[in-house]
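The next block holds one structure in the form of structure tokens; read it before the comments.
Order of the sequence lines fixes the chain letters, A, B, ..., with proteins taken first and strands second; residue numbering starts at 1 for each chain. Not measured: the values here are computed from a predicted model.
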Amino acid sequence: MGGIRAAGDLVARMQLSQRMRIQEAKTHVANILKVGVDDLSDVTVMREVREDLDIGVITSVPGCAKGIEAKVRIADLLGVRINSVERLRRKIG
Amino acid sequence: MTTYRTRMGDGHAIEMTDDELRADFVRGSEDAADRGKIPPLGSDEYDHLFDLFSNPARVVGVACGNEVVLTHDIGTLRLDGDQGNSGVGIPLSRVQGIQVHERAFAADTMELGHVDYSYKPIKPVIAQEQQTLENTLLSTIIPIFYGAMPNLGTYYSPDGPFGNPSDLLPMGKIKEAREAQQEAVEHATRDMVYVATKLADVGGDGINFDTTGAAGDADFKATLEAVARLKATTDLAIQVGMAGEFVLGIHGGLEYAGTRLAGLYPHQQVKLAEKAGADIFGPVVNTNTSKSMAWNLSRAVTFVKACVEAADIPIHVNMGMGVGGSPVFETPPIDSVTRATVAMVEIAKVDGL
């Protein structure tokens, strides 16, 4: 689906954490992002959405959330458990 | 008479007519239906396949909106590995390889894997794997699996402590061969749980059991036992990818949850994977090099469609060299790969690849 170029990582997160089938996962993510299901693979839509939500973009933009910073925001946005984010939260108390 | 360029199962190009293509679609699908005791494809689905095979474009794709997510196996070995893993020998670290997949290849998910891609050899170097996973998880955004093969073969002589069924069975030592497999199941399960638990401890997203069943029904059983234990004790997402379309009964009598494992096809395998606690299942359908890709793809889609319909968890079909309706060739031709991909998504309705 284009990974962090679009919304592929977000749809995959719903499959991993909630065992959602593809249509359910896409609909769930689209509703949270307030975009259409077809927009999830559209880089022109998703680039702006990802920048606005600061959940990581594919090109190297100074100041945008990187790595674990973006995953903390994704866990909160999707309401899912991300194990590395839970670990970070434990480490920073 | 109009002919269409397609390929045989070994990848070499051939020409087929409309009637020849349609006849092979039916024969391939009916072969799957007969073996798996599942329904063959319908006329609309054969028409869809014909549309794909008669399309003159070299590369085809799914309709907008039908995109699916991708998971992986073999980790970054496709970049830094040797030809044995279809690697291209680029000297870069595994963390860099995963970053390349995330930011250059736009991968939806990625996998960390060891160069000796089986669970048993990972056990003594698990701290190294934990450290590399930690660094990966800090610097990447996409979900990261850790992947390796159950590979029960590593537990048999001369590589492991137990007698080798491939040696024992030809000597008629059935009882000894079965006992060796049962002992190997216990050790392999323990090793897989140990490795995966250590990776869960450092925050891994998921674990991938790749080429499950490669050493037969004992291999599948060890994996299912490991999945059940890990699901009960960790928060890992668990993916089970198979080695072949049919579980070989090298033991023959092993069961999981009351179901005999030998002889199971994908639509039956997935129910046991679900019962054990898997979150994603990867069915495999093997390619026959002596048949056309029309026969092979129709057959593969028939098996996978039945698996998708039986499943309650996402199905990520194994696609690539020699499986999932792709030719048996190290660098599969893109015309075949893309046609197989579209058919799996739009006819079999898979949740991912």
Side-chain angles (χ1 to χ4, degrees), chain A residues 1-27 29-30 36-43 46 50 55-60 64-75 78 80-91, chain B residues 61-71 95 99 101-110 133-145 199-207 234-239 274 277-281 308 311-316 345 349-353:
Chain A
M1 285 188 66
I4 60 172
R5 196 167 183 257
D9 61 319
L10 308 180
V11 174
R13 289 265 174 218
M14 300 318 300
Q15 290 198 338
L16 266 67
S17 62
Q18 306 295 319
R19 294 177 153 196
M20 285 185 182
R21 307 300 290 264
I22 187 68
Q23 295 309 328
E24 183 188 8
K26 283 180 170 180
T27 302
V29 172
V37 170
D38 290 357
D39 293 332
L40 296 174
S41 301
D42 188 329
V43 292
M46 284 307 304
R50 294 193 78 112
I55 56 173
V57 293
I58 197 161
T59 52
S60 185
C64 278
K66 305 287 192 307
I68 192 78
E69 299 168 348
K71 284 193 287 195
V72 170
R73 300 181 63 80
I74 289 169
L78 298 181
V80 297
R81 176 191 172 93
I82 297 179
N83 293 335
S84 55
V85 170
E86 293 301 313
R87 173 183 155 141
L88 176 71
R89 286 180 170 141
R90 285 197 303 274
K91 291 289 184 189
Chain B
V62 298
C64 288
N66 286 351
E67 300 88 352
V68 298
V69 294
L70 271 65
T71 45
V95 177
Q99 290 170 336
H101 276 78
E102 175 177 279
R103 296 171 209 171
F105 300 165
D108 299 313
T109 68
M110 193 40 197
L133 183 59
E134 285 175 323
N135 282 325
T136 302
L137 291 167
L138 285 171
S139 62
T140 57
I141 298 170
I142 59 176
I144 304 295
F145 284 87
L199 297 165
D201 288 347
V202 298
D205 288 306
I207 194 87
T234 73
D235 291 304
L236 290 168
I238 301 175
Q239 178 166 256
E274 281 176 7
D279 299 292
I280 298 175
F281 180 71
V308 169
D312 292 315
I313 58 174
I315 299 298
H316 286 203
V345 173
K349 310 287 187 192
V350 296
D351 302 283
L353 308 172

Review point. Heavy-atom distance under 4.5 Å between the side chains of A:R81 and A:S17, does that happen here?
Key: no

Revision key, fill the gap. The side chain to side chain contact (heavy atoms under 4.5 Å, CB included) partner of B:P314 among B:T71, B:V69, B:I280, B:V308 is B:I280

Exercise for review: Answer whether the closest heavy-atom distance between the side chains of A:V11 and B:D108 falls below 4.5 Å.
Suggested key: no

Review point. Top residue by heavy-atom pair count (under 4.5 Å) with chain B, among A:K71, A:Q23, A:R21?
Key: A:R21

Exercise for review: Identify the two heavy atoms, one from A:A70 and one from A:G56, that lie closest to each other, and give their separation to 0.1 Å.
Suggested key: CB-N, 4.0 Å

Review point. Does the pair B:I313 and B:D279 meet the rule for a side chain to side chain contact (heavy atoms under 4.5 Å, CB included), with working shown?
Key: CA-CA 6 Å; B:I313 58 174; B:D279 299 292; 5.9 Å; no

Point to revise | Residue part contacting chain A, namely of B:Q99, when any heavy atom lies under 4.5 Å | key: neither

Revision key, fill the gap. In terms of heavy-atom pairs under 4.5 Å with chain B, the winner among A:L88, A:V57, A:D38, A:I4 is A:I4

Revision key, fill the gap. Of A:L10, A:D9, A:I58, the one forming a side chain to side chain contact (heavy atoms under 4.5 Å, CB included) with B:I141 is A:D9

Review point. In terms of heavy-atom proximity below 4.5 Å to chain A, should B:A200 be classed as side chain, backbone, both, or neither?
Key: neither

**Study point:** Most contacts with chain A, counted as non-hydrogen pairs under 4.5 angstrom, among B:D205, B:T109, B:I315
**Key:** B:D205

Exercise for review: Using a cut-off of under 4.5 Å on heavy-atom pairs, state which of B:L133, B:T140, B:I142 scores highest against chain A.
Suggested key: B:T140

Check your understanding: Which atoms of A:I55 come close to chain B, meaning under 4.5 Å heavy atom to heavy atom: side chain ones, backbone ones, both, or neither?
Key -> backbone

Review point. What part of B:S139 is in contact with chain A, defined as an atom under 4.5 angstrom from a non-hydrogen atom: side chain, backbone, both or neither?
Key: backbone

Check your understanding: Under a 4.5 Å heavy-atom cut-off, does chain B meet the side chain of A:R87, its backbone, both or neither?
Key -> side chain

Study note, to complete from the structure: By side chain to side chain donor-acceptor pair (under 3.5 Å), A:T59 pairs with (sequence neighbours left out) A:R47

**Study point:** Charged N-O contact under 4.0 Å between A:E86 and A:R89
**Key:** yes

Point to revise | Per-residue contact mode, B:F145 against chain A (heavy atom under 4.5 angstrom) | key: side chain

Review point. Where the side chain of A:E69 meets the backbone of A:G67, is there a donor-acceptor pair that is under 3.5 Å apart?
Key: no

Check your understanding: Quick one: what part of B:H101 sits under 4.5 Å from any heavy atom of chain A, side chain, backbone, both or neither?
Key -> neither

Exercise for review: Flag the one option from B:K349, B:Q239, B:M110, B:E134 with the top tally of heavy-atom pairs under 4.5 Å to chain A.
Suggested key: B:E134

Revision key, fill the gap. Residue from B:A104, B:C64, B:A278 scoring the most non-hydrogen pairs under 4.5 Å with chain A is B:A278

